[in-house]
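One structure below.
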Amino acid sequence: MKRVTLPRYILERQKEHSFATGEFSILLSQIALAGKIIADELVHAGLADVLGRTGAVNVQGEEVQKLDELANEVFISALQFSGLVCTLVSEEMAEATNFPGASAEGRYVVLVDPLDGSSNIDNNGPVGSIFSIQRRVNLKSPPSDEDILQKGSRLLAAGYILYGPSTVLVYSTGNGVQGFTLDRRIGEFVLSHPEIKVPKRGKTYSVNCGRYAYWHPWTQKYFDYVNAVDAPTKRPYSLRYIGALVADMHRTLLDGGIFLYPADTANPKRPTGKLRLLYEAFPMAYLMEQAGGRAITGTERILDIQPTELHQRVPLILGSPEDVTVAESFAKAGASPACATT
Ligand code: AHM
Ligand code: MG
């Protein structure tokens, strides 16, 4: 059997990347290394003393799990000595971290959610890591917000690692989406899902419908729509929701359908939903578009949003193009004063 490892794949396609020769290979192999280390820690988590909470609360106001902290440390160690990354942005760190020494000259900003879906950790559910890479805007001055707060449409690369029954790394550098599965026998990611394309339409929707009471009227109407019986459009859709964005994204990417984490009214402090723009919504939107899908807030393309804050949140709706377009028509009708129902 022909086995194409991740390092071989990157080398073979290096000329297509918008990175300077060799730099992307180093960056991606360091990210893949972080993924392998985290995957290994997760496999043994129930045996080592790494389950549960640290007692700390992060910048998001969420309790930090020991594995959140560990995964964050793994990404820092994997990236800070590459000499390529000037700044790391992480869900687990209140501020962006500028790496010292030779790295201060680095030409890239890396953004990560080191362990996404961490509420699944203690019950042995799937979790993931999300990463993306931006090019530093100005090499002559110290790294600043200008380098970090760039639109998703300017991303050089994005991807995720899903720690499920197998560990899968999916990434794009703007030339389609490739998926690799970790072969533990040789310790390498091996190409298993070349040129991933999302189906034009799916049969499932994915949303935390326990929040129905807090949703805006258009979201409730869309939910009622996907649950209604209509043979020509193959409704009702089935519900699939894992509660870990990486796992819900991976299924949606492969099988089609729609994922939503919409804005709701539950918490006035976060009227734009739960998911974070820079290190959750942007990379997933980038991958979904690269696979032929769409990603919107409801009324706006995610990748066109100009970020204003490091940990800003955003409503996220992504998936098969036809499914997202239907949801968009509900959102646009709901946003129009003529159609407002409250
Ligand atoms: P996390 O990054 O702190 O783990 O939170 C993000 C997660 C996503 O993975 C997932 O889509 C969402 O939170 C689930 O939230 P909820 O439990 O409200 O459905
Ligand atoms: Mg997350």
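First listed ligand is number 1; within each ligand, the first listed atom is number 1.
Close contacts of ligand 1 with Gly243, meaning ligand atoms under 4.0 Å from a residue heavy atom, involve 9 (O), 10 (C), 14 (C). Listed by atom number, the atoms of ligand 1 under 4.0 Å from Arg276 heavy atoms are 1 (P), 2 (O), 3 (O), 5 (O), 6 (C). Within the listing of ligand 1, atoms 9 (O) sit less than 4.0 angstrom from a heavy atom of Ala244. The Asn208 neighbourhood of ligand 1 comprises atoms 16 (P), 18 (O), 19 (O), with distances under 4.0 Å to a heavy atom of that residue. Interface of Glu91 with ligand 1, defined as ligand atoms under 4.0 Å from a residue heavy atom, comprises 1 (P), 2 (O), 3 (O). The Gly117 neighbourhood of ligand 1 comprises atoms 1 (P), 4 (O), 9 (O), with distances under 4.0 Å to a heavy atom of that residue. Within ligand 1, the atoms closer than 4.0 Å to a non-hydrogen atom of Leu245 are 8 (C), 9 (O), 10 (C), 11 (O), numbered from 1 in the order shown. Listed by atom number, the atoms of ligand 1 under 4.0 Å from Ser118 heavy atoms are 4 (O).
At a threshold of 4.0 Å, the pair Arg136-Glu146 does not count as salt-bridged, since none of the basic side-chain nitrogens sits closer than that to a carboxylate oxygen.
Distance check: Phe24 CZ to Tyr108 OH gives 10.0 Å after rounding to the nearest 0.5 Å. Taking CG of Leu303 as the start and CE of Met288 as the end, the distance is 11.5 Å to the nearest 0.5 Å. The CG atom of Leu6 lies 5.0 Å from the CZ atom of Phe180; values are rounded to the nearest 0.5 Å. Atoms CD1 and CZ, from Ile38 and Phe75 in turn, are 4.5 Å apart once rounded to the nearest 0.5 Å.
Neither Ile31 nor Phe81 shares a network with the other; the hydrophobic side chains, linked directly or stepwise wherever heavy atoms of I, L, V, M, F, W or Y lie under 4.5 Å apart, form separate groups for each.
For the 3.5 Å distance criterion, the side chains of Asp116 and Tyr279 fail to qualify, holding no donor opposite an acceptor.
Residue Ser119 has no N or O atom closer than 3.5 Å to an N or O atom of ligand 1.
Contacts of Asp113 with ligand 1, taken as heavy-atom pairs under 4.0 Å, involve the side chain alone.
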